Amino acid sequence: LGNLLTELILQLRDDHVSRHTLNLDMLRMYTQRDYEALDRFNPEARSYLPRAENFRMRLNVIGNLVDTLVSRIGKAKPRPMYLTKRGDYQLRNRARLLGDVMEGIFHQTEMFKLMPRVFQDSCIFDIAALKVGRDGGDLWAERVFPNELVWDIESALFSGMPPSMHQIQAIPMESLIQMYPEMEEQIRFHANKLVMDDGDMGREADMLQVIESWHLPSIHNADDGLH
């Protein structure tokens, strides 16, 4: 299964090259920096970046517009609210308590800090993604860089939602060992050691390319969903 998934990811990455390139172009226009050598798993493609002055604009209209939108709209704090229809006092009180619980979860997961960043991504890239998960009994949320996500474009043309989605992340080896201590030997064996462009600055942290995949059930109530 792992080998089949790796072959699939390589094919999907090729299908998303134009999308990822366009996202980097949009990011370049916003930040006025070059991101062509962002792929840290292809050292041959990395080169010394041009001087930052080459990407400076006297008036960055796109950057100003995005920052203005984020400051005015992104500061809003939307959250789920539970409303009743002709409910008695007990039902209205339960709805109010559920609203308080949801607000507490949003604060616990720092959702109000993440939402402006995700909204900023929606202004710059083709998509914006917020990932929510569970660690034991605790919920967590994080912003996902859009170029980490790949899916079968053809399968999503008509349904609007791909049956499978994959996230490709670069995670430090030490973090993976803490997450999966029983796999420490395999993690150390497959760790990629990347040398920084400036050799006298030492080495970067050992990184591993990790793929996380989700597959939706084929039909309602089917048991073939997989994570």
Side-chain angles (χ1 to χ4, degrees), residues 16 19 23 26-27 30-31 62-169 171 175-176 178-181 210-227:
H16 283 256
R19 172 182 159 265
N23 277 339
M26 297 300 103
L27 184 61
Y30 173 71
T31 62
I62 295 177
N64 292 338
L65 286 174
V66 171
D67 291 341
T68 300
L69 286 173
V70 174
S71 64
R72 294 190 176 184
I73 302 177
K75 66 180 180 181
K77 296 183 178 181
R79 59 186 180 275
M81 295 185 66
Y82 298 86
L83 303 178
T84 62
K85 185 176 182 181
R86 298 179 180 178
D88 55 13
Y89 171 78
Q90 183 178 3
L91 189 59
R92 293 197 302 271
N93 187 57
R94 181 182 300 177
R96 180 183 62 81
L97 293 177
L98 285 174
D100 294 341
V101 171
M102 288 302 303
E103 184 172 2
I105 292 176
F106 271 47
H107 282 288
Q108 177 186 357
T109 57
E110 298 185 342
M111 193 73 72
F112 294 128
K113 294 182 180 179
L114 292 173
M115 286 193 294
R117 298 181 60 191
V118 176
F119 177 73
Q120 184 184 50
D121 285 347
S122 69
C123 296
I124 300 174
F125 305 111
D126 58 342
I127 62 173
L130 179 66
K131 181 179 176 181
V132 180
R134 174 180 293 179
D135 183 10
D138 298 327
L139 295 175
W140 54 265
E142 66 180 15
R143 171 246 183 191
V144 177
F145 184 57
N147 278 13
E148 292 182 351
L149 300 176
V150 295
W151 62 88
D152 188 348
I153 298 177
E154 293 185 359
S155 65
L157 285 178
F158 302 101
S159 65
M161 179 178 295
S164 300
M165 180 169 287
H166 314 273
Q167 181 184 5
I168 307 171
Q169 292 179 283
I171 301 181
S175 299
L176 284 175
Q178 293 296 325
M179 296 166 60
Y180 308 101
V210 179
I211 301 172
E212 185 174 5
S213 301
W214 299 265
H215 178 70
L216 295 176
S218 54
I219 60 175
H220 183 63
N221 291 332
D223 58 355
D224 57 346
L226 188 63
H227 173 229

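Since this is a predicted model, take the numbers as computed values, not measurements. Scope of the values below: all heavy atoms of this structure, side chains included, with no hydrogens, waters or symmetry mates.
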Trainee: Grab the two heavy atoms, one from Ser175 and one from Ile171, that are nearest each other, plus how far apart they are.
Mentor: CB-CG2, 4.0 Å
Trainee: If you look only at pairs with a residue in residues 110-127, which of them pass as a side-chain hydrogen bond (donor to acceptor under 3.5 Å, both in side chains), with sequence neighbours excluded?
Mentor: Arg19-Asp126, Asn23-Asp126, Tyr30-Gln120, Asp121-Arg143
Trainee: Please list all pairs passing the salt bridge (Lys or Arg N to Asp or Glu O under 4.0 Å) test where one or both residues lie in residues 86-96, with sequence neighbours left out.
Mentor: Arg96-Asp100
Trainee: Which pairs with one or both residues in residues 212-227 pass salt bridge (Lys or Arg N to Asp or Glu O under 4.0 Å), sequence neighbours excluded?
Mentor: Lys131-Glu212
Trainee: Please, which pairs that meet salt bridge (Lys or Arg N to Asp or Glu O under 4.0 Å) have at least one residue in residues 144-169, sequence neighbours excluded?
Mentor: none
Trainee: How long is the span from the CG atom in Leu149 to the CD atom in Gln169, to the nearest 0.5 Å?
Mentor: 9.0 Å
Trainee: Any idea which heavy atoms bring Ala128 and Val118 closest together, and the distance?
Mentor: CB-O, 3.3 Å
Trainee: Write out all pairs satisfying ring-ring contact (aromatic ring centres under 6.0 Å, His included) with one or both partners inside residues 118-144, taking only residues at least two apart or from two chains.
Mentor: Phe125-Phe145
Trainee: In Å and rounded to the nearest 0.5 Å, what is the CG to CG distance from Leu83 to Leu98?
Mentor: 11.5 Å
Trainee: Please list, chain by chain and in numerical order, all residues satisfying side-chain hydrogen bond (donor to acceptor under 3.5 Å, both in side chains) with Ser213, sequence neighbours excluded.
Mentor: His166
Trainee: What ring-ring contact (aromatic ring centres under 6.0 Å, His included) pairs are there with at least one residue in residues 80-106, not counting sequence neighbours?
Mentor: Phe106-Phe112
Trainee: Suppose we screen for ring pair (Phe, Tyr, Trp, His ring centres under 6.0 Å). Which residues come up paired with Trp214, at least two apart in sequence or across chains?
Mentor: His227
Trainee: Run the side-chain contact (heavy atoms from CB on, under 4.5 Å) test against Leu139 and tell me which residues pass, sequence neighbours left out.
Mentor: Ile105, Thr109, Arg134
Trainee: Apply side-chain contact (heavy atoms from CB on, under 4.5 Å) to Pro78 and list each qualifying residue two or more places apart in sequence or on a separate chain.
Mentor: Ala76, Met115
Trainee: Would you mind listing every salt bridge (Lys or Arg N to Asp or Glu O under 4.0 Å) that reaches into residues 70-85, with sequence neighbours excluded?
Mentor: Arg79-Glu103
Trainee: Just verifying a value: how many Å separate Ile62 CD1 and Cys123 SG, rounded to the nearest 0.5 Å?
Mentor: 11.5 Å
Trainee: With sequence neighbours left out, write down each residue that passes ring pair (Phe, Tyr, Trp, His ring centres under 6.0 Å) with His16, or none if nothing qualifies.
Mentor: His20, Trp151
